[in-house]
Amino acid sequence: METNLPKRRDNKKSLRVKVISLGNAEVGKSCIIKRYCEKRFVPKYLATIGIDYGVTKVQVRDREIKVNIFDMAGHPFFYEVRNEFYKDSQGVLLVYDVGLRESFDALDSWLGEMKQEMGSQANMDSIVFVVCANKVDLTKRRVVDEGEGRLWAESRGFHYFETSAQSGEGINEMFQAFFSSITDMCENGGKRPVSEVSVGFTKEQADTIRRIRNSKDSWDMLGVKPGATREEVNKAYRKLAVLLHPDKCVAPGSEDAFKAVVNARTSLLKNIK
Ligand code: GTP
Ligand code: MG
């Protein structure tokens, strides 16, 4: 099986790794990298043309890591330029803007593009992913909350950080966790260590919470047809209650989802004879 093992230099303790940034145009990928590498923020938007490349050295425990950063352009126009750069990455920064829901919804298609371009090399277990919920300084325009972002990330075994390239919030912590995980992975023979992927809840629980959040009414929330009987409502409720009960489910947002399900059941039963 193919792994994305980095090239080792002569010195046993130094590593060379490749990381890439992904996400819609204007979400702040370049600014996050600039904040970390140059400790500054540029408020004016300068779209990345194709790819920006940079190198930085970091120390993780007793190792020196040389990080090659490929900062991708998010605009669809640059697809032809960036598609060659997915291969051989050990780390991916997946960035969205907490004030733009479409940039959050687009994360799945970014993963899709990556898998497609990597083809037979697409071994996602050999890559560390960090999700950056960026622009958290702009609190008034926020539309994707922490629970929703964290759930998406952690249900896939990805790290999740709230960041602001503008204020610097979360940036150093995020990069430290990112590089430290990549180092762990390299020391673990190119596989993401198991502890990183086991998050204490199942994909079914995560998907159910997401479905409940996006449901349009109480029928939809319980997953029954409008006009369902009391028995059908109760049966659907019991199934969800077992899955999401706060004693059993530690997924982010499970408590709110459980309460919403209880309320949905109560309101439906009131109107069914
Ligand atoms: P492409 O290169 O086109 O894919 O965009 P990008 O994702 O690299 O976005 P970039 O880093 O260029 O930032 C886009 C705009 O958002 C710029 O005007 C930045 O100043 C602004 N920006 C980036 N991060 C933040 C942040 O954390 N907070 C605020 N308030 N603005 C930010
Ligand atoms: Mg950019």
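Both ligands and their constituent atoms are indexed starting at 1 by order of listing. Along the sequence shown, residues carry numbers from 1.
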Trainee: Applying the side-chain contact (heavy atoms from CB on, under 4.5 Å) criterion to Arg265, which one of Asn263, Leu269, Leu268, Val261 satisfies it?
Mentor: Leu269

Trainee: May I ask you to list the atoms of ligand 1 that are less than 4.0 angstrom from any heavy atom of Leu138?
Mentor: 30 (N)

Trainee: If you measure every N/O of Ala165 against every N/O of ligand 1, is any gap under 3.5 Å?
Mentor: yes

Trainee: Could you give the distance from CD1 (Ile33) to CD1 (Ile171), rounded to the nearest 0.5 Å?
Mentor: 10.0 Å

Trainee: Which of these, Ala25, Gly23, Ser30, has its nearest heavy atom closest to atom 8 (O) of ligand 1?
Mentor: Ser30

Trainee: I'd like to check which ligand 1 atoms, numbered from 1 as shown, lie under 4.0 Å from a non-hydrogen atom of Lys44.
Mentor: 18 (O)

Trainee: If you count the atoms of ligand 1 from 1 in the order shown, which ones are under 4.0 Å from a heavy atom of Lys29?
Mentor: 1 (P), 4 (O), 5 (O), 6 (P), 7 (O), 8 (O), 9 (O), 11 (O)

Trainee: Applying salt bridge (charged side-chain N to carboxylate O under 4.0 Å, His left out) to Glu26 and Lys135, what does each step give before you reach the verdict?
Mentor: CA-CA 11 Å; Glu26 226 174 318; Lys135 306 199 188 182; 5.5 Å; no

Trainee: Report the member of Phe78, Tyr96, Tyr45 with the shortest heavy-atom distance to atom 17 (C) of ligand 1.
Mentor: Tyr45

Trainee: Assess whether a salt bridge exists between Asp108 and Arg156, defined as any Lys/Arg side-chain N lying under 4.0 Å from an Asp/Glu carboxylate O.
Mentor: yes

Trainee: Shortest non-hydrogen contact from Cys31 to Phe41?
Mentor: SG-CE1, 4.1 Å

Trainee: Flag the pair Asp97 and Arg141 as a salt bridge only when some basic side-chain nitrogen lies within less than 4.0 angstrom of an acidic carboxylate oxygen.
Mentor: yes

Trainee: First locate atom CD1 of Ile209, then atom CG of Asn214, and finally report the distance between them rounded to the nearest 0.5 Å.
Mentor: 12.0 Å

Trainee: Under 4.0 Å, heavy-atom basis, I'd like to know which part of Val95 is in contact with ligand 1: side chain, backbone, both or neither.
Mentor: neither

Trainee: Could you list which atoms of ligand 1 come closer than 4.0 Å to a heavy atom of Gln166?
Mentor: 26 (C), 27 (O), 28 (N), 29 (C)

Trainee: Under 4.0 Å, heavy atoms only, figure out whether ligand 1 is touched by the backbone of Thr48, its side chain, both or neither.
Mentor: both

Trainee: Report yes or no: do Glu162 and Tyr160 form a side-chain donor-acceptor pair below 3.5 Å?
Mentor: yes

Trainee: Should you measure from each heavy atom of Ser164, which atoms of ligand 1 turn up under 4.0 Å away?
Mentor: 27 (O)

Trainee: Where is the tightest heavy-atom contact between Ala73 and Arg82, given as atom of each residue plus distance?
Mentor: O-NH1, 2.9 Å

Trainee: Would you mind running through ligand 1 and noting each atom that sits below 4.0 Å from a heavy atom of Val42?
Mentor: 19 (C), 20 (O)

Trainee: Distance under 4.0 Å to a non-hydrogen atom of Asn134: what atoms of ligand 1 satisfy this?
Mentor: 24 (N), 25 (C), 27 (O)

Trainee: Looking at atom 10 (P) of ligand 1, what's its closest protein heavy atom, distance included?
Mentor: Gly28 CA, 3.7 Å

Trainee: Which distance, rounded to the nearest 0.5 Å, do you find between the CZ of Phe175 and the CG of Leu93?
Mentor: 5.0 Å

Trainee: Below a 4.0 angstrom heavy-atom separation, can you tell me which part of Ala73, side chain or backbone, both or neither, approaches ligand 1?
Mentor: backbone

Trainee: Which one of Gln205, Arg211, Arg210 satisfies the side chain to side chain donor-acceptor pair (under 3.5 Å) criterion with Asp207?
Mentor: Arg210

Trainee: Are side-chain heavy atoms of Leu100 and Val27 found at a separation under 4.5 Å?
Mentor: no

Trainee: Nearest protein heavy atom to atom 31 (N) of ligand 1, by residue and atom, and its distance?
Mentor: Phe41 CZ, 3.7 Å

Trainee: Taking Lys34 first and then Asp52, would you say they form a salt bridge - that is, a charged N and a carboxylate O separated by under 4.0 Å?
Mentor: no

Trainee: Show which atoms of ligand 1 fall inside a sub-4.0 Å distance from at least one heavy-atom site of Gly74.
Mentor: 1 (P), 4 (O)

Trainee: Would you give the length of the straight line joining atom CG of Leu94 to atom OG of Ser103, rounded to the nearest 0.5 angstrom?
Mentor: 11.5 Å

Trainee: Among protein heavy atoms, which sits nearest to atom 21 (C) of ligand 1, and what does the distance come to when rounded to 0.1 Å?
Mentor: Lys135 NZ, 3.8 Å

Trainee: Think Lys39 forms a cation-pi with Tyr36, using NZ or CZ under 6.0 Å from the six-ring centre and within 45 degrees of its axis?
Mentor: yes

Trainee: Give the residue, atom name and distance (to 0.1 Å) of the protein heavy atom nearest atom 5 (O) of ligand 1.
Mentor: Glu26 N, 2.9 Å

Trainee: Write out the residue and atom name of the closest protein heavy atom to atom 28 (N) of ligand 1, then the distance separating them to 0.1 Å.
Mentor: Asp137 OD1, 2.7 Å

Trainee: Quick one: does ligand 1 sit under 4.0 Å from the side chain of Pro43, the backbone, both or neither, non-hydrogen atoms only?
Mentor: backbone

Trainee: Any nitrogen or oxygen of Val27 lying under 3.5 Å from a nitrogen or oxygen in ligand 1? Just yes or no.
Mentor: yes

Trainee: What are the protein N/O/S atoms, named by residue and atom, that sit under 2.8 Å from the Mg ion (ligand 2)?
Mentor: Ser30 OG, Thr48 OG1

